[in-house]
Amino acid sequence: MNINVKILRFDPEKDRKQHWETYQVEASPGDRVLDVINHVKWYIDPSLTFRRSCAHGICGSDAMLINGRNRLACKTLLQDVVKDGGTITAEPIRGLKVEKDLLVDMEPFFDAYRSIMPYFINDNPAPAAERLQSPEDAERMDHGSNCILCACCTTSCPIFWVNGSYIGPAAIVQAHRFIFDTRDAATQQRLNVMNQNTGVWRCRTAYNCTEACPRDIPITQLIEEVKRAVMYQQA
Amino acid sequence: MHHRYDVLVVGAGGAGLMAALYAAKGNVSVACISKLYPTRSHTGAAQGGVGAALGNVAEDHWEWHMYDTIKGGDYLTDQDAAEIFAKDVIEAVYELEHMGLPFSRTEEGKIAQRKFGGHTREFGKAAVERSCYAKDRTGHMILQTLYQQNVKEGTTFFNEFHVLDLIIENGRCSGVVAYELSTGEIHTFHAKAVILAAGGYGRIFKITSNALTLTGDLMSIYYRKGLPLEDMEFYQFHPTGLTKLGILVTEGIRGEGGILRNKDGERFMERYAPTLKDLAPRDIVSRSIYTEIREGRGVGPDKDAVNIDLTHLPRDVIENKLSEITDLSRTYLGLDPVKDLVPIQPTAHYAMGGIPTTIDGECIADDNGTLIEGLYAAGEQACVSLHGANRLGTNSLGDLIVFGRRSGINAAKYARGTELAEMPENPEVESRALIENLKNADGSENAARIRKELQETMMNNVGIFRNGPDMEKQVEILRELRARYQHVNVQDPSQRFNSELVEALELGFMLDCAEAMTHSALNRTESRGAHDREDFHTRDDVNWLKHTMAYKDFSQPGNVRIGYKPVVFKDAADGEYESLTTYTPAEAAGFKFPPKPRTF
Amino acid sequence: MTIRARTMQDAKQQSHTNAELNWWIFMRISGLILIFLVLGHIYMTFVQVSESDATFDAVVNKLANPAWKFYDWLLLTLAMLHGVNGARYSIDDYVRSRPNRAWVRNTFFTVVAMIFVLGTVGLFSFNPY
Amino acid sequence: MYKGREGQWAFYLHRLSGLAILAYFLLHVISISLFVFGEKIYMAVHGGYDFILFRLGLIAIAGGVMYHAMNGLRIIVMDFTGKGVAYQRQLWYGVLLISIVWTVYVAIKVLPRVAAGV
Ligand SMILES: Cc1cc2nc3c(=O)[nH]c(=O)nc-3n(C[C@H](O)[C@H](O)[C@H](O)COP(=O)(O)OP(=O)(O)OC[C@H]3O[C@@H](n4cnc5c(N)ncnc54)[C@H](O)[C@@H]3O)c2cc1C
Ligand code: HEM
Ligand code: SF4
Ligand code: F3S
Ligand code: FES
């Protein structure tokens with residue numbers, strides 16, 4: 001099928017503003033959006049810039065705004081977003097500084113990630129073998145540990161777009177993973193971070209994060225669980 | 001810009017992060033350079049698990065694991081490496097758990113384990129549960145956990161820095177040169193010790209499970225210095241990739257009981273590997289699938305795939321233990337493994353060969369085992385020769401954590417006892433020239449087209465089945481592609497985020513890897529492990545029990561000089577290791593794991 | 001308000017108050033009470049009767065009853081606090097620069113406080129009979 | 001505009017209605033309190049309430065209050081129960097339904113009076 005690919009371009013060395021550029025591409029319905037964007041880069045305009053690596057939704061590089069929603073380009077099939085002769089649009093994710101074309105500055109995102117102490121803390125001497133944990137307890141971390149840090153969620157959150165200091169759903173998902181890890185000893189401190197005015201209380205349950213997550217993590221549910229955990233801890 | 005650290009790690013996948021972590025524990029300053037954000041590294045794609053003889057589910061011993069590794073590697077495995085590995089990996093897995101890795105659990109709360117291809121009890125009697133897993137995203141969990149620990153330790157990261165050159169003078173490595181994507185600046189990193197961990201190069205093939213960024217950069221850079229690449233002919237094709245896409249379907253799917261079927265619905269692995277059936281090692285399963293396809297029993301529009309059947313498994317297993325792959329086949333093929341057969345085809349997956357290293361991670365410069373001081377390598381891009389001619393599933397993640405750790409510890413130790421070596425003047429000239437050449441090349445060759453041709457021809461001529469004439473043809477094709485590469489012109493003039501330039505550089509690296517592979521494969525006139533020659537169909541221990549060392553021959557572009565390195569064997573007396581380049585069955589009597597015909 | 005707690009120490013220092021938590025709880029409790037107060041108020045004064053019926057006398061009559069006085073005052077107070085905190089959420093979200101935010105917030109709070117005083121004084125101090 | 005789904009619109013409407021109510025509420029308090037200053041001033045200001053537009057606007061405010069109140073309930077249910085999160089879309093449609101029915105009811109009660117000018 002023939003489709004139009006409309007991409008929001010920006011070259012920091014030439015442009016003062018972002019502008020749309022449209023390319024005609026021949027593709028098949030089972031192709032990924034990433035395939036089409038790669039096609040544009042490889043055979044039409046090599047200066048087109050974006051991040052990508054694994055091409056199957058596991059590395060979290062290619063979050064972009066496709067047809068008005070945050071998705072991974074490599075996990076979106078054309079048949080799900082466009083018909084023959086139709087148009088797909090691709091824009092950089094919002095709320096982070098656009099560096100070039102579809103590539104944004106991810107540092108603030110990772111800063112938020114680092115702020116929740118995203119690492120296992122338990123200073124008690126470890127046993128010779130593993131620390132035991134029941135399958136049910138392990139399951140509590142299932143959703144949180146599934147995250148690939150793609151930023152689809154955080155950059156779809158209406159609060160994150162406008163409020164520069166909101167820690168964002170991705171960081172809360174990470175915090176959830178540790179807060180509900182029975183082996184971890186720093187629950188208290190992490191709940192405290194979540195209790196800051198940059199933390200969970202900024203979330204207004206807009207659900208964009210949950211809808212956007214390519215790993216199907218029920219993010220809003222996790223955020224609500226963290227809110228309750230903070231509340232019960234303080235009570 | 002100029003930077004200075006005690007230990008420098010190139011690559012932030014499982015191997016690089018593990019090395020950085022353990023180097024930092026050695027009280028030296030450490031920095032990690034990576035062309036990707038660490039969590040984007042392809043270690044995150046590993047699904048199946050990490051093999052270690054914990055014996056949590058069924059009795060298991062490291063000796064069994066060692067034996068499986070050697071046999072799986074078709075006796076090209078260095079047995080000292082296999083011994084250290086099988087012992088160390090147990091401790092390393094516990095260490096990962098102590099770092100918080102969320103493993104799946106047994107009912108008693110221990111790390112859960114499952115069966116995996118080629119892993120057996122009592123030296124080949126029956127499959128054993130050895131793969132420690134975290135659902136089917138073990139690699140993801142390892143990558144995340146190791147990155148987390150590095151955040152905790154405050155490791156310095158240089159993300160989106162592409163290493164373009166190694167600085168080696170007088171047999172001593174004193175640093176690297178890197179290109180910063182965001183600014184286009186060239187940086188020199190001056191260090192006492194450098195650890196290379198930049199991953200594989202699967203992208204030289206058309207159908208691959210590897211990321212677009214796995215282009216063998218550091219192997220090529222090493223090779224361009226006139227240094228050898230070991231065992232490049234051994235490249236593993238994973239039996240189960242989603243058709244056309246090459247996206248990996250974890251072997252865990254067969255570990256959990258998935259069955260391969262041809263177009264008649266026959267469980268054909270019963271014919272090829274009567275004991276282990278679908279759980280035979282990868283090289284065997286891949287070849288069996290290919291044979292089925294060649295003999296017309298394939299499925300799909302082009303009859304170039306076979307089906308994997310999960311429909312007899314409980315829904316719960318498919319949805320939970322295999323959620324990742326269920327998700328992938330739903331997303332990309334629109335098929336639901338709960339009720340549909342999923343068509344799969346072998347996909348280029350893993351490089352057994354690479355930069356030759358000792359069991360301590362030190363890089364080897366020639367056939368005699370001369371070391372390059374201050375240079376270490378680990379992970380897929382290194383060749384300790386643990387995997388020999390064919391890697392067993394789950395042994396790569398184990399390799400990362402065992403040898404990543406060893407090289408980290410050793411590099412730190414080395415760095416503590418030495419001073420910074422003198423840097424040559426203007427170490428970055430060559431890198432600058434590399435970039436300038438691409439930016440100012442005449443011609444109008446398109447890098448993407450050359451890459452596509454490379455991938456297609458490598459797949460056809462140096463793929464699962466190989467023969468002399470095809471590979472000779474490929475040598476010529478590579479010469480021609482290399483000549484055309486000289487005329488690749490980068491059109492994007494920009495300094496900042498010039499991803500076109502990066503892709504063009506990567507193409508150059510890929511051509512080198514393909515060249516070393518093709519020559520090595522053409523040279524080895526036997527079939528062993530993943531290297532299967534139609535014109536030399538049997539394994540030849542008398543002549544070929546040795547590692548290939550491929551050197552770039554600068555006399556003419558596209559030429560390769562081949563050398564050899566012995567394979568390390570162990571005495572039955574359990575004491576000394578001995579090196580062998582030739583072998584007669586009589587000699588073998590004294591060895592613990594002598595080469596034997598491989599049946600499963 | 002940058003988020004840069006990299007260590008447990010930082011985190012502890014940054015999280016010394018429960019203010020946001022308390023406001024969050026308050027929004028929910030006051031909201032529950034307001035449902036009855038506000039909807040009741042609207043029903044009684046707008047749906048049942050015309051706004052133009054809210055003559056001087058009518059209001060005066062109603063407020064003669066202390067129970068209504070209390071009802072109205074509770075409504076006034078809760079709605080004021082609830083609404084003002086809600087508006088603060090919005091200000092914190094949309095006004096990004098720190099000096100501006102402080103300025104906007106303070107002006108807003110001052111105005112509302114004045115209105116609150118006006119309303120309270122109106123309710124209690126005025127007694128025509 | 002980002003193509004968010006129900007949750008996004010629920011949030012925007014909640015915020016908008018909250019701020020609108022607050023604005024009206026502040027004006028309302030001021031105007032009511034004017035009776036501190038005597039009947040003349042009070043009635044002068046309240047005369048303004050006869051404006052048709054103003055009274056139509058009040059219907060909107062009444063509708064907005066109902067939306068805000070019901071959606072506030074939805075938020076509380078989501079905050080304290082897992083089910084609330086799971087059924088947030090259905091809940092929102094319920095909120096909309098109630099708000100619309102109420103607004104229509106208010107309109108039916110009030111519009112004739114507006115038309116009659118009382
Ligand atoms: C789909 C898939 C599934 C797998 N499943 C399993 C499994 O179940 N069990 C198992 O044991 N193994 C598995 N493997 C194999 C295993 O995952 C890989 O071999 C292993 O992860 C490689 O790790 P690494 O650290 O060497 O490299 P990678 O994780 O690939 O990391 C490479 C790093 O090097 C950096 N880099 C590369 N080039 C440069 C440069 N020029 N300059 C700077 N940095 C550079 C990259 O940024 C990256 O950080 C799987 C592999 C794949 C592809
Ligand atoms: C009638 C019953 C009411 C209920 C049940 C209610 C409930 C709520 C709740 C639960 C919130 C918090 C939303 C969140 O945290 O996401 C909220 C916010 C808010 N409320 Fe109310 N409220 C009511 C009445 C009012 C009134 C009368 C006003 C105005 C004076 C008002 C103004 C606001 C504002 C401005 C917000 C902030 C909105 C935001 O930040 O998105 N509310 N309300
Ligand atoms: S929670 Fe989901 S959307 Fe958010 S970063 Fe993680 S994987 Fe991406
Ligand atoms: S979109 Fe934002 S407001 Fe909360 S539910 Fe998600 S973080
Ligand atoms: S390229 Fe890795 S997630 Fe899309």
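Any value given below was found using the heavy atoms of this structure, including those in side chains, with hydrogens, waters and symmetry copies removed. In the text below, chain A, chain B and the rest are named by the order of the sequence lines, each starting its count at 1.
In terms of heavy-atom pairs under 4.5 angstrom with chain B, the leader among Ser134(A), Gly30(A), Pro127(A), Cys59(A) is Cys59(A). Counting heavy-atom pairs closer than 4.5 Å to chain B, the top residue among Asn122(A), Ile148(A), Asn38(A) is Ile148(A). Top candidate by heavy-atom pairs under 4.5 Å with chain A, chosen from Leu101(B), Leu214(B), Val490(B), Asn498(B), is Leu101(B). The choice from Cys150(A), Pro12(A), Gly57(A), Ala55(A) that makes the most heavy-atom pairs within less than 4.5 Å of chain B is Pro12(A). With chain A as the partner, the residue from Gln491(B), Arg451(B), Lys244(B) showing the most heavy-atom pairs under 4.5 Å is Arg451(B). Ranked by heavy-atom pairs shorter than 4.5 Å toward chain B, the options Arg177(A), Glu139(A), Gln174(A) are led by Arg177(A). Looking only at heavy-atom pairs under 4.5 Å with chain B, the residue among Arg32(A), Arg131(A), Met141(A) that has the most is Arg131(A). Chosen from Asn146(A), Asp11(A), Asp181(A), the residue pairing most often with chain B at heavy-atom distances under 4.5 Å is Asn146(A).
Considering only heavy atoms from C-beta on, Glu99(A) stays 4.5 Å or farther from Pro92(A) through its side chain. When side chains are defined from C-beta on, Ile167(A) counts as touching Met194(A), because their heavy atoms get closer than 4.5 Å.
Closest approach of Met64(A) and Ile93(A) over heavy atoms only: CA-CG2, 3.8 Å. Closest approach of Leu149(A) to Gln144(B), counting heavy atoms only: CD1-OE1, 3.8 Å. Contact record, Leu146(B) with Gly14(B): CD1-O, 3.6 Å, taken as the closest heavy-atom pair.
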CA sep, side-chain torsions, deciding dist, call: Arg137(B), Asp142(A), salt bridge (charged side-chain N to carboxylate O under 4.0 Å, His left out): CA-CA 11 Å; Arg137(B) 41 178 202 256; Asp142(A) 181 43; 2.6 Å; yes
Trace of the salt bridge (charged side-chain N to carboxylate O under 4.0 Å, His left out) decision for Glu97(B) with Lys110(B): CA-CA 10 Å; Glu97(B) 200 279 341; Lys110(B) 296 182 182 166; over 6 Å; no
Step-by-step side chain to side chain contact (heavy atoms under 4.5 Å, CB included) determination, Leu78(A) to Val33(A): CA-CA 6 Å; Leu78(A) 291 183; Val33(A) 171; 4.0 Å; yes
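Between the side chains of Asn56(B) and Glu130(A), at least one donor-acceptor pair of N or O atoms lies under 3.5 Å. No side-chain donor from either of Gln149(B) and Glu153(B) sits under 3.5 Å from a side-chain acceptor of the other. In the model, Thr155(A) has a side-chain atom that pairs as donor or acceptor with a side-chain atom of Asn70(A) under 3.5 Å. Inspection of the Trp20(A) and Glu91(A) side chains reveals no N or O donor paired with an N or O acceptor under 3.5 Å. Counting only N and O atoms by type, the side chains of His39(A) and Asp35(A) include no donor and acceptor under 3.5 Å apart. Between the side chains of Ser209(B) and Thr347(B), no donor-acceptor pair of N or O atoms lies under 3.5 Å. Inspection of the Arg9(A) and Ser47(A) side chains reveals an N or O donor paired with an N or O acceptor under 3.5 Å.
At a 4.5 Å heavy-atom cutoff, the contact between Lys41(A) and chain B is made by side-chain atoms alone. Only the side chain of His42(B) comes within contact range of chain A, judged by heavy atoms closer than 4.5 Å. In this structure, chain B has a heavy atom under 4.5 Å from the side chain of Ala138(A), while its backbone stays farther away. For a residue to count as touching a neighbouring chain, one of its non-hydrogen atoms must lie under 4.5 Å from one of that chain's; by this rule Asn320(B) does not touch chain A. Contact annotation for Leu143(B): neither backbone nor side-chain heavy atoms come within less than 4.5 Å of a heavy atom of chain A. Heavy-atom distances place the side chain of Arg183(A), and not its backbone, under 4.5 Å from chain B. For Tyr147(B), the part lying under 4.5 angstrom from a heavy atom of chain A is the side chain only. Neither the backbone nor the side chain of Gln79(A) has a heavy atom closer than 4.5 Å to any heavy atom of chain B. Only the side chain of Glu160(B) comes within contact range of chain A, with heavy atoms under 4.5 Å apart. For Gln133(A), the parts sitting under 4.5 Å from any heavy atom of chain B are the backbone and the side chain alike. Heavy atoms of Arg449(B) lying under 4.5 Å from chain A belong to its backbone as well as its side chain. Of the atoms belonging to Ile111(B), heavy atoms from both backbone and side chain fall under 4.5 Å from chain A. Neither the backbone nor the side chain of Ser182(B) comes within less than 4.5 Å of any heavy atom in chain A. If you measure heavy-atom distances from Arg496(B) to chain A, the contacts under 4.5 Å come from both the backbone and the side chain. With a threshold of 4.5 angstrom between heavy atoms, Met99(B) approaches chain A through N, CA, C or O but not through any side-chain atom. Only the side chain of Lys452(B) comes within less than 4.5 Å of a heavy atom of chain A; its backbone N, CA, C and O stay farther away. For a residue to count as touching a neighbouring chain, one of its non-hydrogen atoms must lie under 4.5 Å from one of that chain's; by this rule Thr49(A) touches chain B with backbone and side chain alike. Proximity to chain A (any heavy atom under 4.5 Å) is shown, for Asn150(B), by neither the backbone nor the side chain. With a 4.5 Å cut-off on non-hydrogen atoms, Leu77(A) touches chain B through its side chain but not through its backbone. Residue contact with chain A, scored on non-hydrogen atoms closer than 4.5 Å, is absent for Ser104(B). Residue Gln495(B) touches chain A through both its backbone and its side chain, counting heavy-atom pairs closer than 4.5 Å.
The aromatic rings of Phe158(B) and Phe161(B) sit perpendicular, their planes meeting at an angle over 60°, well past the 30° parallel limit. Using cut-offs of 30° and 60° on the angle between ring planes, the pair His176(A) and Phe180(A) is tilted.
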